[in-house]
J.: 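Attaching a single structure in structure tokens format; questions to follow.
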There are 2 protein chains.
Amino acid sequence: MARQNTVFKEAYNRCLGDLCGRDRLPSEPELGEKYGISRTTVRAILSRMRDCGLITWDKRQKIILRPPQDQDYFPEDETNSLNDIIEKSFMKRILTGDAEPGTQINEAELARDIGAGTTSVREFLIRFSRFGLIEKRPNSHWILKGFTMEFALELTEVREMFELRSAAAFATLDRDHPAWANLDEIEQEHLEMLADIDNRYKDFSPLDEKFHLLVHKVSGNRFVVDFYDVIAFIFHYHYQWNKAYARTRNERALREHLDYIAALRSRDSGEIERACRVHLRSARETLMESVPH
Amino acid sequence: MARQNTVFKEAYNRCLGDLCGRDRLPSEPELGEKYGISRTTVRAILSRMRDCGLITWDKRQKIILRPPQDQDYFPEDETNSLNDIIEKSFMKRILTGDAEPGTQINEAELARDIGAGTTSVREFLIRFSRFGLIEKRPNSHWILKGFTMEFALELTEVREMFELRSAAAFATLDRDHPAWANLDEIEQEHLEMLADIDNRYKDFSPLDEKFHLLVHKVSGNRFVVDFYDVIAFIFHYHYQWNKAYARTRNERALREHLDYIAALRSRDSGEIERACRVHLRSARETLMESVPH
DNA sequence: TAATTGTATATTGTAGATAAAAGACAAAAT
DNA sequence: ATTTTGTCTTTTATCTACAATATACAATTA
């Protein structure tokens, strides 16, 4: 098959979730906008909903007939894009320490294991190479450099350089810059999470990413922001598979963030640098502890 | 056709150049090592040389019969790898200002213009995206962000951060670290080029790259070194198509490098920072002047 | 016995094909 | 006068196939 209709299936599921508590659906362009898909895909979704007896659909009239049931949803594993499947499968190998640094990576073998075509795997590896974990020998194989202590140190060195600079730049933003409002919002989310930390400590990862991305973005430098992708990517998978002490670590990070946010708001450059360094140091330690050894 | 034999043709031409001034060729593995190719390709080269009457070849005996003539060489445009062709063609569009920032990039159209398959163009674009000049909308087109003033400023900002840090680290290297010997060598090349600047100013670009790469490498940080690739890439094409004032600019840069090298050797951190900043500022100006406007 | 060669096999680089998804535009509806 | 829809076209994502190139291993040579 040439391409899986995962965009359709994934959007269909999201759309089902929004079917409750209303009696009709908005226009096709509006739905496309809402779910981030084209009208072609919206129409495919509407067609299927009609065929399943979920709605009636006649031009502008899209009337909801019944709420969705479990069997209306597509199975979750059919909604992941091929790239996500490859990425997840590959990261599992690397971060759980299955594959030794220095190992050769074989495109065809990897493709076979994952159940994807070689082109897709190849494109994934090219995209992935910017994370510094693999390296290509032209006309020959890839080499796994591995999630090692050196990697963690090099990554955090650059991260600290960039974040200290971005944090310093934060203090110089106009009072009416939208970043201040975002900061308030993020602070609020921190407080809410801390108030119910026992149940919510697992949701920390996306909030962490949101906060640091905001800081990096004020650098106004695409290379700095792009580099934060690398950090976020590594931390994302790290949080997923390294649960040890998650509760303690995350609570500590939340409190450090609040201190950091207060420092930013003070616009005092010395204070910002201090708070930023404190947090970056513990982030580094967290990462280093997660290196397989 | 599935793949062009450019590796073979390019290595064949290099091998022809080494045919003069000797009467026999070394073993197959040795040749493979020398030209960076596999034995399979070495044997293909030897076969053709025999067929063309350049050598006799019987097992270990590879006797050279005659020096190569012009018609023995493959035409130069058959020796460029497909990726180089795509890269060059694409960079020409961007740097000469043909394509406006914000333009959509169409994979199929680009492939047709260049005369390559879509897969190769697609892979090129993925690799190229790390340079920050294009950006992908998933399931849709690429957008050309363009070689703009913002790009030049963001690029140089990071470059300066990284190079100042690497230069500072240079001073802390052991006396017997190989980088010092490399530095001496590079200084010598600078002096030679300056002595005959009128004729040799065009060869500055590779020397420039060699020097800065040496500095960046002592950081021992893969992200810093990888980022220098971006710089080198941009400067490479910039030197190729922007000849204005080349003579003046290059002579000035050579002198700044010599000053910078002397500062590194002094191991005086203040002096290093001064010399490094002086050169980085003029490098930034050079780049900014080359932005189409 | 260590390097080299002959031969067979495995892997990469690239083209071409096709379904999914995006996008364009005129007709229809508010 | 917009917005929405119906229809058609374009483009991307992905698979498969195959020549170029790399790699593995046994046979041969020095």
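These numbers come from a predicted model, not from an experiment. Naming convention: chains lettered A, B, ... in sequence-line order (proteins, then strands); numbering from 1 in each chain.
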J.: Look at B:Arg60 and C:dT5 and indicate whether a side-chain polar atom (N or O) is within less than 4.0 Å of OP1 or OP2.
T.: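 Answer no for this pair, as no side-chain N or O of B:Arg60 is under 4.0 Å from OP1 or OP2.
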
J.: Is B:Pro26 close to B:Leu31 at the side-chain level, that is, under 4.5 Å between some pair of heavy atoms?
T.: yes

J.: Quick check with a 6.0 Å cut-off and a 45 degree axis cone: is B:Arg127 positioned over the face of B:Phe233's six-membered ring?
T.: no

J.: If we only count heavy atoms from C-beta on, is the B:Met49 to B:Leu16 side-chain gap below 4.5 Å?
T.: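 With C-beta onward as the side chain, the pair touches.
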
J.: Is there side-chain contact between B:His212 and B:Tyr228, with heavy atoms separated by less than 4.5 Å?
T.: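 B:His212 vs B:Tyr228: side chains touch.
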
J.: How about A:Arg159 and A:Ile234: do any of their side-chain heavy atoms sit closer than 4.5 Å?
T.: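 Side-chain contact under 4.5 Å: no.
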
J.: Using a cut-off of less than 4.0 Å, is there contact between a side-chain N or O of A:Thr40 and OP1 or OP2 of C:dG23?
T.: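 No, no such contact exists.
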
J.: For D:dA22, does either OP1 or OP2 sit under 4.0 Å from a side-chain N or O belonging to B:Thr41?
T.: yes

J.: Using a 4.5 Å cut-off on heavy atoms from C-beta on, say whether the side chain of A:Lys88 contacts that of A:Asn80.
T.: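 SC-SC contact between A:Asn80 and A:Lys88 ruled out.
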
J.: Should the side chain of A:Arg3 and the base of D:dA13 be counted as holding a donor-acceptor pair, with the cut-off at 3.5 Å?
T.: no

J.: What do the steps show when you test A:Gln4 against A:Leu82 for side chain to side chain contact (heavy atoms under 4.5 Å, CB included), and what is the final call?
T.: CA-CA 8 Å; A:Gln4 297 291 95; A:Leu82 182 54; over 6 Å; no

J.: It should be established whether B:Ser120 places a side-chain nitrogen or oxygen under 4.0 Å from OP1 or OP2 of nucleotide C:dG13.
T.: no

J.: Please tell me if B:Lys59 has a side-chain N or O lying less than 4.0 Å from either OP1 or OP2 of D:dT29.
T.: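 B:Lys59 to D:dT29 OP1/OP2: side-chain N or O found under 4.0 Å.
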
J.: With nearest nucleotide decided by heavy atoms, which residue, B:Thr119 or B:Glu109, maps closer to the 5′ end of DNA chain D?
T.: B:Glu109

J.: So, OP1 or OP2 of C:dT4: does either fall under 4.0 Å of a side-chain N or O from B:Lys62?
T.: no

J.: Could you list by number each residue of residues 122-141 of chain A showing a heavy-atom separation from DNA chain D of less than 4.0 Å, or answer none if no residue does?
T.: A:Glu123, A:Asn139, A:Ser140, A:His141

J.: Would you tell me if any nitrogen or oxygen in the side chain of B:Ser38 comes within less than 4.0 Å of OP1 or OP2 on D:dA22?
T.: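 Answer yes for this pair, as a side-chain N or O of B:Ser38 is under 4.0 Å from OP1 or OP2.
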
J.: Quickly work out the B:Glu33 CD to D:dT23 C1' distance and round it to whole Å.
T.: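 After rounding, the reported distance stands at 15 Å.
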
J.: To the side chain of B:Asn5, which of D:dG6, D:dT21, C:dA21 is closest?
T.: D:dT21

J.: Ignoring the backbone of B:Asn106, work out which of C:dT5, D:dT12, D:dA17 is nearest its side chain.
T.: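 The nucleotide sitting nearest to the side chain is D:dT12.
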
